Enquirer: 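Below is the structure I would like to discuss, written out as structure tokens.
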Amino acid sequence: MIKGNFPVDKFKQIETPFYYYDTNLLRKTLQTINAETNKHEQFEVHYAVKANANPKVLNVICQAGLGADCVSGGEIRAALKAGFPASKIVYAGVGKSDWEINLGLDKDIFCFNVESIPELEVINELAEKKGKVAQICFRINPNVGAHTHANITTGLAENKFGIAMRDMESVIEEAQKMKNVKFIGLHFHIGSQILDMGDFEALCNRINDLQNELERHHIKIENINVGGGLGINYGHPNHLPIPDFKDYFETYSRKLKLREGQKLHFELGRAVVAQCGSLITKVLYVKQGAAKKFAIVDAGMTDLIRPALYNAFHRIENISSDEAEDTYDVVGPICESSDVFAKAIDLNACHRGDLLAIRSAGAYGEIMASQYNCRKLPEGYMTEDL
């Protein structure tokens with residue numbers, strides 16, 4: 001089995017489980033994003049903080065010049081603390097509370113991505129109390145499907161996100177009547193872990209049609225935000241550590257008919273951080289069951305919930321062993337039958353004390369950890385920390 005390059009001797013000195021972030025790979029990923037977007041002067045990228053809000057990870061991303069896409073007041077605070085300028089922060093979310101909206105207003109963030117007329121009215125009211133004008137984009141539900149897991153599609157009519165296309169023109173007109181909001185664009189997002197560029201082409205086609213319709217009514221759009229959604233290769237993190245950003249950005253360049261002076265915003269999360277992160281866990285016991293062999297580890301669904309929540313696949317490597325492979329179910333200590341990382345996978349022979357790396361865990365790993373069973377939250381370490 002080809003494995004990642006890990007400082008195993010240094011790992012042995014750290015309490016498991018923990019997250020390890022390969023800073024070199026993260027920086028190479030960010031350099032690739034910047035190299036591709038620099039070809040298109042209208043493109044701007046905001047990092048989706050919900051993927052990973054580790055302060056050190058955020059700081060590296062901030063230093064690369066990306067903006068921040070936030071979905072809570074806590075994420076706005078984390079982005080500001082990491083150094084992201086408020087002028088590059090966009091704030092989305094279907095249920096913004098008053099204190100979160102007030103925080104965004106107080107900090108003069110770039111824009112609120114608004115998901116309903118009631119939300120628009122509240123933002124206008126709160127902005128009026130502060131004597132401010134809030135910049136807003138409307139999140140439109142384009143009813144475009146994506147070839148991904150049902151729980152991470154966001155652009156279908158049945159999903160809770162966004163404003164229906166049929167209401168788009170009326171909500172824009174409503175905003176234009178208000179004194180304390182300024183309509184500056186449209187926001188879309190169709191889902192996550194998308195590898196079929198045809199899904200993004202379908203979104204481009206829908207946006208082209210919507211823009212044409214709006215222009216017939218003399219409504220011009222300054223900013224188009226297409227969200228993120230680009231997936232990674234979970235099966236081959238060693239061979240394909242950096243997603244195909246070239247194809248992704250070129251798809252939008254070819255298919256989306258931007259108007260002169262328009263800005264195109266992206267909100268990439270998983271594609272930025274997933275491959276640089278691994279969950280490092282220790283084998284507690286190797287147990288021979290009636291029909292299978294279990295590698296019982298000290299990490300659990302509390303540390304990485306994706307396999308239990310989405311039946312997600314993560315490549316697992318025994319980074320302590322080069323022995324012949326055997327077949328295991330890799331399971332955690334949580335008192336739930338769903339606390340399983342993988343079933344019937346081949347690993348170099350496992351023994352008590354071996355370290356396993358659960359790969360491609362930099363996105364929706366540490367950030368989604370919980371303290372169920374009164375467990376400690378996992379620590380996160382960067383290359384420079386070891």
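These numbers were taken from a predicted model, which means no experiment stands behind them. Sequence positions, counted from 1, serve as the residue numbers for this chain.
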Enquirer: So that I can tick it off, tell me whether Glu173 and Lys177 are bridged by a salt bridge, with the cut-off set at under 4.0 angstrom between side-chain N and carboxylate O.
Expert: no

Enquirer: Counting only N and O atoms by type, is there a donor-acceptor contact under 3.5 Å from the side chain of Asn208 to the main-chain atoms of Cys204?
Expert: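 It does hold such a pair.
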
Enquirer: Is the ring pair Tyr381/Phe18 parallel, tilted or perpendicular, if the boundaries are 30 and 60 degrees?
Expert: perpendicular

Enquirer: Indicate whether the side chain of Thr29 and that of Gln275 have a donor and an acceptor atom separated by less than 3.5 Å.
Expert: no

Enquirer: If you count every heavy atom of other residues, nucleotides or ligands that lies below 6.0 Å from Glu41 atom CD, does the total exceed 12?
Expert: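 Open: at most 12 neighbouring heavy atoms sit under 6.0 Å from CD of Glu41.
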
Enquirer: Take atom NE2 of His40 as the centre, draw a 6.0 Å sphere, and report whether it contains more than 12 heavy atoms from other residues, nucleotides or ligands.
Expert: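 Yes.
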
Enquirer: Evaluate the side-chain proximity of Glu115 to His187: yes if any heavy-atom separation is below 4.5 Å, no if none is.
Expert: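 They are not in side-chain contact.
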
Enquirer: When you compare the side chain of Arg306 with that of Ser360, does any pair of heavy atoms fall below 4.5 Å?
Expert: no

Enquirer: Tell me which pairs pass salt bridge (charged side-chain N to carboxylate O under 4.0 Å, His left out) where either residue lies in residues 212-225, with sequence neighbours left out.
Expert: Glu213-Arg216, Glu215-Arg259

Enquirer: Can you find a pair of side-chain heavy atoms, one from Leu214 and one from Leu186, that are under 4.5 Å apart?
Expert: yes

Enquirer: Start with the C-alpha gap between Phe112 and Val181, add the side-chain angles, then the distance that decides, and say whether side-chain contact (heavy atoms from CB on, under 4.5 Å) holds.
Expert: CA-CA 10 Å; Phe112 294 82; Val181 296; over 6 Å; no

Enquirer: For Lys3 and Asn238, work out which heavy atoms get closest and say how close.
Expert: C-ND2, 3.7 Å

Enquirer: Given 3.5 Å as the limit, does a donor-acceptor pair link the side chain of Glu100 with the main chain of Gly73, or not?
Expert: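 Here the side-chain-to-backbone pair exists.
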
Enquirer: Should Tyr310 and Gln193 count as side-chain neighbours, where that means a heavy-atom distance under 4.5 Å?
Expert: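 No. Closest side-chain heavy atoms not under 4.5 Å.
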
Enquirer: Are Met168 and Ile163 packed together at the side-chain level, in the sense that at least one heavy-atom pair is separated by less than 4.5 angstrom?
Expert: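 Result no, sub-4.5 Å side-chain heavy-atom pair not found.
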
Enquirer: Counting the benzene-type ring for Trp, do Phe294 and Tyr285 have ring centres under 6.0 Å apart?
Expert: no

Enquirer: For the pair His189 (side chain) and Gly229 (backbone), establish whether a donor and an acceptor sit closer than 3.5 Å, ignoring hydrogens and angles.
Expert: no

Enquirer: Taking the side chain as everything from C-beta on, heavy atoms only, tell me whether Ile221 gets closer than 4.5 Å to Phe183.
Expert: yes

Enquirer: Is there any side chain to side chain donor-acceptor pair (under 3.5 Å) pair reaching into residues 55-69, and which pairs are they, with sequence neighbours excluded?
Expert: Lys56-Asp385, Asn59-Gln63

Enquirer: Does the cation-pi check pass for Arg139 over Phe188, that is, NZ or CZ under 6.0 Å from the six-membered ring centre and within 45° of its axis?
Expert: no

Enquirer: Between Asn52 and Tyr21, is any side-chain donor less than 3.5 angstrom from a side-chain acceptor?
Expert: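 Checked: Asn52/Tyr21 side chains pair up, N/O donor to acceptor below 3.5 Å.
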
Enquirer: If I take atom CZ from residue Arg270 and atom CD1 from residue Ile194, how far apart are they, to the nearest 0.5 angstrom?
Expert: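 If we round to the nearest 0.5 Å, Arg270:CZ and Ile194:CD1 are 9.5 Å apart.
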
Enquirer: Counting distance only, does the side-chain N/O of Asp354 pair as donor-acceptor with the main-chain N or O of His351 below 3.5 Å?
Expert: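 Yes.
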
Enquirer: So among Asp298, Asp303, Thr16, which one has a side chain to side chain donor-acceptor pair (under 3.5 Å) with Thr281?
Expert: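 That would be Asp298; it is the only one of Asp298, Asp303, Thr16 passing the side chain to side chain donor-acceptor pair (under 3.5 Å) with Thr281.
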
Enquirer: Among Tyr248, Tyr47, Phe245, Phe200, whose ring pair (Phe, Tyr, Trp, His ring centres under 6.0 Å) with Phe266 holds?
Expert: Tyr248

Enquirer: When Asn223 is tested against each of Gln42, His265, Glu44, Lys263 for side chain to side chain donor-acceptor pair (under 3.5 Å), which residue passes?
Expert: His265

Enquirer: Salt bridge (Lys or Arg N to Asp or Glu O under 4.0 Å) between Asp22 and Lys28: does it pass, once the steps are laid out?
Expert: CA-CA 10 Å; Asp22 182 341; Lys28 287 179 183 176; over 6 Å; no

Enquirer: Can the positive tip of Lys96 be found less than 6.0 Å from the middle of the six-membered ring of Tyr91, inside 45° of the ring normal?
Expert: yes

Enquirer: Who passes side chain to side chain donor-acceptor pair (under 3.5 Å) against Gln211, sequence neighbours left out?
Expert: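 With sequence neighbours excluded, Gln211 shows a side chain to side chain donor-acceptor pair (under 3.5 Å) to Gln262, given in chain and number order.
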
Enquirer: Quick one: does Asn318's side chain get under 4.5 Å of Tyr328's, heavy atoms only?
Expert: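 Contact flag for Asn318/Tyr328 side chains = no.
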
Enquirer: Would you check if the side chain of Asp108 reaches a backbone N or O of Ala86 as a donor-acceptor pair within less than 3.5 Å?
Expert: no

Enquirer: Salt bridge or not for Arg359 and Glu317, using N-O below 4.0 Å?
Expert: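 A salt bridge links Arg359 with Glu317.
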
Enquirer: When you compare the side chain of Leu386 with that of Tyr20, does any pair of heavy atoms fall below 4.5 Å?
Expert: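 Sidechains of Leu386 and Tyr20: in contact.
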
